[in-house]
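Counting starts at 1 for both ligands and their atoms, following the listed order.
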Amino acid sequence: MTSRTEIKIHQCECEACKAGSDLEIAQRHQQINLFLSRLNEPQRRWYVGLMSQQSDGPGDRQLSKITGLDEKTIRHGRHELESGLADLPHDRQRREGGGRPRAEKKIRR
Ligand SMILES: [Zn+2]
């Protein structure tokens with residue numbers, strides 16, 4: 001495979017990254033954007049929507065700066081997750097496990 005696709009990685013625009021004050025945060029944000037660059041459109045907003053649900057995580061506005069996604073897009077992704085991605089075709093998603101009765105599910109590790 002020699003096809004080279006140029007992937008544009010968003011440069012985080014949050015205060016910490018712009019100021020270069022916190023390398024750890026900058027690195028994490030860079031990794032988030034690297035990861036996002038490999039996802040397709042809906043996957044991107046689901047992931048960011050997921051991040052926006054963490055109570056100790058960044059809010060929509062902050063996430064928008066970090067990822068370059070619209071706040072509206074982030075909200076949209078969150079709603080899609082809340083509704084169990086019901087509007088989306090299943091054909092390209094892998095289903096794991098058996099029945100998943102509800103969208104609400106606690107992930108414990
Ligand atoms: Zn940042």
Side-chain angles (χ1 to χ4, degrees):
M1 280 191 279
T2 46
S3 70
R4 266 178 80 189
T5 38
E6 214 164 296
I7 296 163
K8 231 180 118 209
I9 298 170
H10 176 76
Q11 205 68 39
C12 177
E13 283 157 19
C14 81
E15 278 78 24
C17 289
K18 276 211 288 204
S21 55
D22 196 325
L23 278 180
E24 213 176 298
I25 286 181
Q27 203 171 33
R28 185 164 343 136
H29 291 174
Q30 208 177 12
Q31 280 181 3
I32 289 170
N33 283 318
L34 175 69
F35 176 62
L36 289 175
S37 73
R38 302 296 178 99
L39 302 180
N40 64 28
E41 198 71 35
Q43 287 169 339
R44 236 176 298 193
R45 61 172 186 265
W46 298 334
Y47 179 64
V48 181
L50 197 63
M51 283 200 297
S52 74
Q53 288 179 0
Q54 295 173 339
S55 49
D56 58 343
D60 287 5
R61 175 169 291 187
Q62 181 77 350
L63 280 169
S64 168
K65 282 187 189 169
I66 296 169
T67 63
L69 288 189
D70 235 50
E71 280 181 66
K72 241 192 317 187
T73 308
I74 296 169
R75 233 173 303 149
H76 185 48
R78 187 166 57 234
H79 289 157
E80 281 179 314
L81 282 169
E82 278 163 6
S83 62
L85 307 181
D87 300 338
L88 287 134
H90 267 272
D91 53 343
R92 290 186 58 196
Q93 295 167 48
R94 224 182 350 173
R95 269 177 283 180
E96 290 182 80
R100 205 166 49 151
R102 285 187 166 262
E104 306 164 29
K105 194 176 127 191
K106 274 222 168 123
I107 296 163
R108 298 164 85 189
R109 286 255 147 129

Within the 2.8 Å cut-off the protein N, O or S neighbours of the Zn ion (ligand 1) are Cys12 SG, Cys14 SG, Cys17 SG, His29 ND1
Once side chain to side chain contact (heavy atoms under 4.5 Å, CB included) is applied, do any residues pair with Gln54, and if so which ones, sequence neighbours excluded?
Asp56
Show every donor-acceptor pair shorter than 3.5 Å between a side-chain atom in residues 58-66 and any protein atom, with sequence neighbours excluded, or say none if there are none.
{"unit_1": "Asp60", "atom_1": "OD1", "unit_2": "Arg78", "atom_2": "NH1", "d": "2.9"}
{"unit_1": "Asp60", "atom_1": "OD2", "unit_2": "Arg78", "atom_2": "NH1", "d": "3.3"}
{"unit_1": "Asp60", "atom_1": "OD2", "unit_2": "Arg78", "atom_2": "NH2", "d": "3.1"}
{"unit_1": "Ser64", "atom_1": "OG", "unit_2": "Leu69", "atom_2": "O", "d": "2.8"}
{"unit_1": "Lys65", "atom_1": "NZ", "unit_2": "Glu15", "atom_2": "OE2", "d": "2.8"}

For Leu50 and Leu81 the tightest heavy-atom approach is N-CD1, 3.7 Å
Would you say the side chain of Tyr47 lies within less than 4.5 Å of the side chain of Gln43, judging by non-hydrogen atoms?
no
Is there a path of hydrophobic side-chain contacts, each under 4.5 Å between heavy atoms of I/L/V/M/F/W/Y residues, joining Leu36 to Trp46?
no
What pairs of donor and acceptor atoms, side-chain ones from residues 16-32 against any protein atom, are under 3.5 angstrom apart with sequence neighbours left out?
{"unit_1": "Asp22", "atom_1": "OD1", "unit_2": "Glu24", "atom_2": "N", "d": "3.1"}
{"unit_1": "Asp22", "atom_1": "OD1", "unit_2": "Ile25", "atom_2": "N", "d": "3.3"}

